[in-house]
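Letters A, B, ... mirror the listed sequences (proteins, then strands); counts begin at 1. Note that these values count all heavy atoms, side chains included, but never hydrogens, waters or copies made by symmetry. This structure is a prediction, so every number in the text was calculated from the model and none was measured.
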Number of protein chains: 2
Amino acid sequence: MTKIGYRFTRPRRLIFEVLEQHIKPVSTQDIFQFLKKRNKYIDLTSIYRTLDLMKKATIVNEIEFGDGKKRYELVKGKNHHHHLVCKNCGDVEDIEIREEKLMKALKIETDFKIEKHTLEFFGLCDKCK
Amino acid sequence: MTKIGYRFTRPRRLIFEVLEQHIKPVSTQDIFQFLKKRNKYIDLTSIYRTLDLMKKATIVNEIEFGDGKKRYELVKGKNHHHHLVCKNCGDVEDIEIREEKLMKALKIETDFKIEKHTLEFFGLCDKCK
DNA sequence: GTTTTTGCAAACTTTTTGCATGCGG
DNA sequence: CCGCATGCAAAAAGTTTGCAAAAAC
């Protein structure tokens with residue numbers, strides 16, 4: 001019988017720290033470049049693998065804003081929320097929504113067993129409009 | 001002075017027809033393969049360019065289900081709606097939502113000028129659950 | 001005939017995979 | 001030790017770009 005356990009290694013710690021230091025969701029490249037600038041080189045592959053792991057462990061949220069790359073944010077320290085994305089400058093603002101209210105308003109009639117949803121808003125921020 | 005106008009060419013017509021024949025959103029590859037099987041070869045590039053054009057002209061909707069590729073569906077013939085995606089078999093079901101109700105329930109307080117939103121649901125369909 | 005559109009080749013971006021080496025417990 | 005994790009190289013998948021040739025009007 002083999003033991004299973006995750007190790008808290010240098011790359012994982014660094015990635016976690018980067019996530020902690022960012023309020024807005026970050027991409028794999030964001031993390032890579034952020035660390036690189038500080039002379040903390042981690043292979044991109046490890047970033048992908050670590051985020052994948054964190055996603056499965058519900059440590060991070062994976063978000064898509066429609067520009068072909070995924071972004072990640074720490075789950076801890078935040079309530080369930082959605083995002084407002086500025087089409088012009090890319091600024092991201094969190095918005096909290098009363099999900100019960102939302103789901104009640106939706107009154108979805110379906111045979112699907114809904115497990116999760118994504119809801120993102122796009123527009124122009126105060127500065128850009 | 002030069003004239004500007006779009007031309008209704010063979011590739012564009014074919015792509016439009018493919019979209020008409022599909023209820024569920026299709027990817028660029030879906031369109032490409034569908035036509036290829038019927039010996040109607042169109043370059044993938046043209047598919048990308050045509051869809052881009054159609055998106056700008058609000059002829060198609062661009063949707064993301066989180067699997068790294070974009071999907072398209074005709075706007076015409078459908079009311080504003082969202083999707084239920086089965087995580088297991090990939091089946092897609094449309095759901096209509098009373099947007100006024102939704103937005104009222106949300107009561108979003110923000111400086112953003114919201115122009116659009118995406119809302120997709122993920123879960124298991126009747127067969128897969 | 002002139003402008004728009006296409007197909008082809010090539011590049012670019014994001015993400016994934018295989019594998020030998022290396023680190024953690 | 002020994003298994004899990006890393007870095008590196010390479011590839012896969014989706015998408016974009018430049019350009020000459022072809023099609024539309």
Taking for A:Pro11 and for B:Asp67 the nucleotide of DNA chain D with the nearest heavy atom, the one nearer the 5' end belongs to A:Pro11
| When we call it a touch if two heavy atoms are under 4.0 Å apart, what does A:Arg10 touch: a base, just sugar-phosphate, or nothing? | nothing
Contacts of B:Gly68 and A:Leu53 projected onto DNA chain D by closest heavy atom; the upstream (5') one is A:Leu53
| Looking across every strand, which nucleic acid part, if any, lies under 4.0 Å from A:Thr28 by heavy atom: base, sugar-phosphate, or nothing? | sugar-phosphate
| message | Quick check on C:dG7: is either OP1 or OP2 less than 4.0 Å from any side-chain nitrogen or oxygen of B:Ser46? | response | yes
Short N-O contact, B:Lys113 and B:Glu115, less than 4.0 angstrom: yes
- Query: Quick one: is A:Tyr6 getting a side-chain N or O under 4.0 Å of the D:dG3 phosphate, OP1 or OP2?
  - Reply: no
Test salt bridge (charged side-chain N to carboxylate O under 4.0 Å, His left out), reference A:Asp91, set A:Lys127, A:Lys24, A:Lys129, output is A:Lys24
To the nearest angstrom, the CD1-P distance between A:Ile47 and D:dA5 comes to 16 Å
Do B:Lys87 and B:Phe122 form a cation-pi contact, if we require the NZ or CZ to be under 6.0 Å from the six-membered ring centre and within 45 degrees of the ring's axis? no
Of D:dC8, C:dT15, D:dG18, the nucleotide closest to the side chain of B:Arg49 is D:dG18
For C:dT16, take OP1 and OP2 only and decide whether either is under 4.0 Å from a side-chain N or O of A:Tyr48.
no
Between CG of B:Leu44 and P of D:dA13 the distance, given in whole Å, is 13 Å
In whole angstroms, the gap separating P of D:dG3 from CZ of A:Phe8 amounts to 24 Å
B:Asp43 atom CG is separated from D:dA22 atom P, nearest whole Å, by 15 Å
Atom CZ of A:Arg13 and atom P of C:dG25 are separated, to the nearest Å, by 11 Å
Looking only at C:dC8, D:dA24, D:dT6, the nucleotide nearest the B:Thr9 side chain is D:dA24
*asked:* For a quick test of reading the model: is some side-chain N or O of B:Arg12 closer than 4.0 Å to OP1 or OP2 of C:dT4?
replied: no
### Query
Strictly by modelled atom types, are A:Asp43 and A:Ser46 linked by a side-chain donor-acceptor pair under 3.5 Å?
no
Whole-Å distance, B:Lys70 NZ to D:dA13 C1', equals 14 Å
Between CD of B:Gln29 and C1' of D:dA12 the distance, given in whole Å, is 12 Å
Considering only heavy side-chain atoms of A:Arg7, the closest of D:dT15, D:dT17, D:dA5 is D:dA5
Margin query: Once you apply a heavy-atom cut-off of 4.0 Å, does A:Thr45 come out as touching a base, just sugar-phosphate, or nothing?
Written below: base
In whole angstroms, the gap separating P of D:dG14 from CD1 of B:Ile63 amounts to 17 Å
Close aromatic pair by centroid cut-off 6.0 Å: A:His83 and B:His117: no
